[in-house]
2 protein chains.
Amino acid sequence: MTAGNADVFAALASPVRRELTALLLRGPRSVNDLASHFEMSRPSVSEHLRVLRDAGLVSEERSGRRRLYRLEAEPLMEVSRWLSPYERFWRDRLAGLRELLDEEDGDDHEH
Amino acid sequence: MTAGNADVFAALASPVRRELTALLLRGPRSVNDLASHFEMSRPSVSEHLRVLRDAGLVSEERSGRRRLYRLEAEPLMEVSRWLSPYERFWRDRLAGLRELLDEEDGDDHEH
DNA sequence: TTGACACGTAGGAAATCTCCTACCTATTGT
DNA sequence: ACAATAGGTAGGAGATTTCCTACGTGTCAA
């Protein structure tokens, strides 16, 4: 029961929390370690970690007087599964664009 | 300059807005069409569309007195790019797990 | 045992989000 | 021209987020 109820997208909506997950990608870290990368107070970082934990994105392991936070894969896989129909969508879009560029030599393209 | 400044993750944080993008995956739709799928008032849907637009996730095309909203691929590709290092991460996790299951026949597994 | 350390929680202020009901403009059909 | 349609905007209420400073608890080291 590691809890994975709360909204993963909402958890990832905060840049701070995305930064936290990026740090945890390199391996488990303690709260102070994580907090040292931010201007924010340590308790605020703790609160962000709580949100990530409620979304199941991280788990904590008590190790002495420290707690190691560890990234969990499942919710991220969920995001990936959510994304996949859109992936198909943009592949079609790009295929269409490429087709158009191949047959015409138009010169009125943005980007 | 279709605008893509605002935070894509924040835009996708709302279930309503994810539902809107899902609807738009099937093709461009007018605001009333979209709004008919929700309990919410039409102006509220308009506001959600504005958030999606600010994130570049949708664009609008004026067609007579209606406006067709259309899903845009780029911000979703951005999400996919953000996700890819994590994809590698969970592949490693799953590989490690499989390895472990192959060599041991342990019986003390959660989940 | 006692002080220092690591961390969570409480409570609150300020900002932001989400929804509403008016209300306004633009376009279409008659 | 006029009524109906489509949809954006204003302003505001209530909920939620995000940050802070205290403060409490558990653990280690001397």
Side-chain angles (χ1 to χ4, degrees), chain A residues 1-3 5-24 27-72 75, chain B residues 1-3 5-24 27-72 75:
Chain A
M1 237 181 240
T2 354
N5 325 334
D7 194 328
V8 180
F9 289 91
L12 294 174
S14 150
V16 173
R17 289 195 290 270
R18 287 200 300 278
E19 183 73 20
L20 281 168
T21 65
L23 287 168
L24 289 172
R29 287 171 191 278
S30 70
V31 178
N32 270 329
D33 186 345
L34 291 166
S36 70
H37 293 281
F38 298 88
E39 304 280 300
M40 216 179 319
S41 76
R42 184 197 45 75
S44 294
V45 172
S46 258
E47 278 165 358
H48 281 296
L49 286 169
R50 189 198 206 328
V51 174
L52 290 173
R53 220 171 75 106
D54 287 350
L57 278 160
V58 305
S59 60
E60 76 170 30
E61 179 195 345
R62 258 155 269 231
S63 166
R65 61 182 150 181
R66 300 187 308 155
R67 309 192 185 191
L68 294 184
Y69 279 83
R70 180 188 313 275
L71 193 60
E72 292 294 333
Chain B
M1 241 181 234
T2 355
N5 324 331
D7 194 329
V8 180
F9 289 90
L12 294 173
S14 151
V16 174
R17 288 194 292 270
R18 287 201 299 279
E19 182 74 20
L20 282 169
T21 63
L23 287 168
L24 290 172
R29 288 171 191 279
S30 70
V31 177
N32 271 329
D33 186 344
L34 291 166
S36 71
H37 293 280
F38 297 89
E39 303 281 299
M40 216 180 320
S41 75
R42 183 196 47 75
S44 295
V45 172
S46 259
E47 277 164 1
H48 282 296
L49 287 169
R50 189 200 208 320
V51 174
L52 290 172
R53 219 171 74 109
D54 287 349
L57 277 160
V58 306
S59 60
E60 75 169 32
E61 179 196 345
R62 257 153 270 230
S63 166
R65 60 184 150 180
R66 299 188 308 154
R67 306 189 187 194
L68 294 184
Y69 279 83
R70 179 188 312 275
L71 192 61
E72 291 293 332

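Note: hydrogens, waters and symmetry copies are ignored here, and every other heavy atom, side chains too, is used.
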For the residue pair [X] and [Y], what are the closest heavy atoms and their distance?
| X | Y | answer |
| --- | --- | --- |
| Ser30(B) | Leu68(B) | N-CD2, 3.7 Å |
| Pro75(B) | Val8(B) | CB-CG2, 3.8 Å |
| Ala13(B) | Ala10(A) | CB-CA, 3.9 Å |

- Query: Along DNA chain C, 5' to 3', what are the outermost nucleotides having an atom less than 4.0 Å from a heavy atom of chain B?
  - Reply: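 Range of nucleotides within reach of chain B: dT18(C) to dT28(C).
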
- Please report, rounded to the nearest Å, how far the P atom of dT16(D) is from the CG atom of Asp7(A).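 That distance rounds to 14 Å.
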
- Can you tell me how far C1' of dC19(D) sits from CD of Glu39(A), to the nearest Å? 14 Å

- Message: Measuring only between side-chain heavy atoms, which start at C-beta, is Leu24(B) closer than 4.5 Å to Leu34(B)?
- Response: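 Yes, close enough: below the 4.5 Å cut-off.
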
- Residue pair Pro28(B) / Glu61(B), side-chain heavy-atom distance below 4.5 Å: no

- Item | Contact under 4.0 Å: His48(A) side-chain N or O vs dC19(D) OP1/OP2 | yes

- Between Ser44(A) and dC20(D), does any side-chain N or O lie under 4.0 Å from OP1 or OP2? yes

Atom pairs under 3.5 Å: protein N/O with N/O of nucleotides 7-12 of chain D:
{"residue": "dG7(D)", "atom": "OP1", "partner": "Val31(B)", "partner atom": "N", "Å": "3.1"}
{"residue": "dG7(D)", "atom": "OP1", "partner": "Arg67(B)", "partner atom": "N", "Å": "3.4"}
{"residue": "dG7(D)", "atom": "OP2", "partner": "Asn32(B)", "partner atom": "N", "Å": "2.8"}
{"residue": "dG7(D)", "atom": "OP2", "partner": "Asn32(B)", "partner atom": "ND2", "Å": "3.0"}
{"residue": "dG7(D)", "atom": "N7", "partner": "Arg42(B)", "partner atom": "NH2", "Å": "3.1"}
{"residue": "dG8(D)", "atom": "OP1", "partner": "Tyr69(B)", "partner atom": "OH", "Å": "2.7"}
{"residue": "dG8(D)", "atom": "OP2", "partner": "Ser46(B)", "partner atom": "OG", "Å": "2.2"}
{"residue": "dG8(D)", "atom": "N7", "partner": "Arg42(B)", "partner atom": "NH1", "Å": "3.1"}
{"residue": "dG8(D)", "atom": "O6", "partner": "Arg42(B)", "partner atom": "NH2", "Å": "3.0"}

- Pair listing, salt bridge (Lys or Arg N to Asp or Glu O under 4.0 Å) test, anchored in residues 9-19 of chain B, at least two apart: Asp7(A)-Arg18(B)

- Pairs flagged by salt bridge (Lys or Arg N to Asp or Glu O under 4.0 Å) wherever residues 31-42 of chain A is involved - sequence neighbours left out: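 Listed once each, the pairs are Arg29(A)-Asp33(A).
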
- Through what angle, rounded to 10 degrees, does the axis of the helix from dT1(C)-dA30(D) to dT30(C)-dA1(D) turn between its ends, using five pairs per end?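 The value is 30°.
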
- Between CG of Leu57(B) and CG of Leu49(B), what distance do you get to the nearest 0.5 Å?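 Result: 11.0 Å between the selected atoms.
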
- Item | Straight-line distance of Leu20(B) CG to His48(B) NE2, nearest 0.5 Å |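 Leu20(B) atom CG to His48(B) atom NE2 measures 7.5 Å (nearest 0.5 Å).
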
- Task: Using heavy atoms and a sub-4.0 Å distance, could you list which residues of residues 8-23 of chain B are near DNA chain D? By number, please.
- Result: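 Those residues: none at all.
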
- Item | With Ser59(A), the side chain to side chain donor-acceptor pair (under 3.5 Å) member among Glu72(A), Arg70(A), Arg53(A) | Glu72(A)

